[in-house]
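Notes follow the structure.
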Protein chains: 2
Amino acid sequence: MTSSHRESPTGPAETPDGADVDYWSFVDYFAKNAGRNMPWLDTDAAEFFMTLHRAFELIVYDIRGELDQRMSSAALRALLVLTTVGPSTLLRVAELTGMSRAAASALLKRLESDGLVSRQPSADDGRSIVVAATPEGKVACDEAYRDYNAREAFWHDRLDPEEAETMKRALSRLAASVSEIRRRS
Amino acid sequence: MTSSHRESPTGPAETPDGADVDYWSFVDYFAKNAGRNMPWLDTDAAEFFMTLHRAFELIVYDIRGELDQRMSSAALRALLVLTTVGPSTLLRVAELTGMSRAAASALLKRLESDGLVSRQPSADDGRSIVVAATPEGKVACDEAYRDYNAREAFWHDRLDPEEAETMKRALSRLAASVSEIRRRS
DNA sequence: GCCATATAGTCAACACATTGACTAAACTTG
DNA sequence: CAAGTTTAGTCAATGTGTTGACTATATGGC
């Protein structure tokens, strides 16, 4: 963020032309300048969500790097669901991971062919198939998630416990509110 | 979250079997139960990032709904970059929006055919093309972002100013740290 | 029991994004 | 200035997601 050149003779420009801006510092640049073009803008809200979005993207990208070529993050999510709630129908996996039925269908088929999950027709409901993590699936999940979680811990440790608590509380409140508001509409 | 049936005769189960869990409440369920299978787990870190991830996904999905069929969120990002920093090379758009050059190339071509941006060969550098938002592009961006930002404000207003400030500060610190750590490796 | 309706999973069509190879235009360094 | 290297943009291949149509099975009212 050293603004090297491109300063007016009278000192640093008040409205930099964005030459030194990068992905992350664009948040700041936008917050300072966007109000000029868009007087209706709620700058605080825009800056808040842009910060959330970009910071989160950077951090999650870093954490995801731990998975490397082992498995996709969607696969990890599915396996974590299966290992914590136990064997579940495809629909349930879709709901708990947040993906569509079609995506879950495709993913679980891939995971089956990799030997990480088993798919059995349900005894209770002829339409359902019950998916379960195989022993190999459990091992793969364990190994991948171990490194993934270690990297989560690496970042989490860089927050004050109080900061982390505040963030969790605030986001939980909003998330609960989303579900509630959605339910009404 | 009413746990209707499936309670042991002696009262609510201490370790629910997950029958009533949904996408959001899975965070809680996971935090309470995953440690059993994975004793090495940093539960706080896992819960923190799962909360962040899922809450953010829910909220962003809601906000994105304001764009509806008007434009993709990638298109909005690109147009916001172009309208705030002004005409830029394709590479610069890619950097500031966080997409790959190939993705930017495809997106900007689409936007050009929709009449929202113009693409001119650069006078300075024969390899570059300079992209600018057209008047129609500025209008489309303005209209779409107005509603988008209103929805951002809707959620932002549901946070204490102090909570929002804490979150911004904490995430900014981590994001800066990501760039720094990445630069070293 | 039968028929209308809803639900679980799959499939096909489409929408993007990523990676890596490729082309053309810059630089760089003797 | 010529040869090698880097850089900007594009293209093709691939991966993975969504939506909506479709099939087979359940369910509920009569």
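Sequence lines set the chain letters: A, B, ... in the order given, protein chains first and strands last, and positions in each chain run from 1. As a basis for the values below, the full set of heavy atoms in this structure was taken, side chains included, without hydrogen atoms, waters or symmetry mates.
Between the P atom of D:dA8 and the CG atom of B:L96 lies a distance of 13 Å, rounded to the nearest Å. Summarising the geometry, the separation between CZ on B:R64 and P on D:dT18 is reported as 12 Å, rounded to the nearest angstrom. What separates CD of A:Q69 from P of D:dG15 is a distance of 12 Å, to the nearest Å.
Remark: B:R151 is positioned above the aromatic ring of B:F154, its terminal NZ or CZ atom under 6.0 angstrom from the ring centre and at most 45 degrees off the axis.
None of A:L91, A:L111, A:L82, A:T89 except one satisfies the side-chain contact (heavy atoms from CB on, under 4.5 Å) rule with A:V131; the exception is A:L82.
No side-chain heavy atom of B:I129 sits less than 4.5 Å from a side-chain heavy atom of B:Q120. Between B:E112 and B:T134 the shortest side-chain heavy-atom distance does not fall below 4.5 Å.
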#### Entry: Letter per nucleotide, 5' to 3', of nucleotides 4-17 of chain C [B base touched, S only sugar-phosphate touched, - untouched; heavy atoms, 4.0 Å]
---BBBBB----SS
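A donor-acceptor pair under 3.5 Å is absent between the side-chain atoms of A:S177 and the main chain of A:R173, judged by distance alone.
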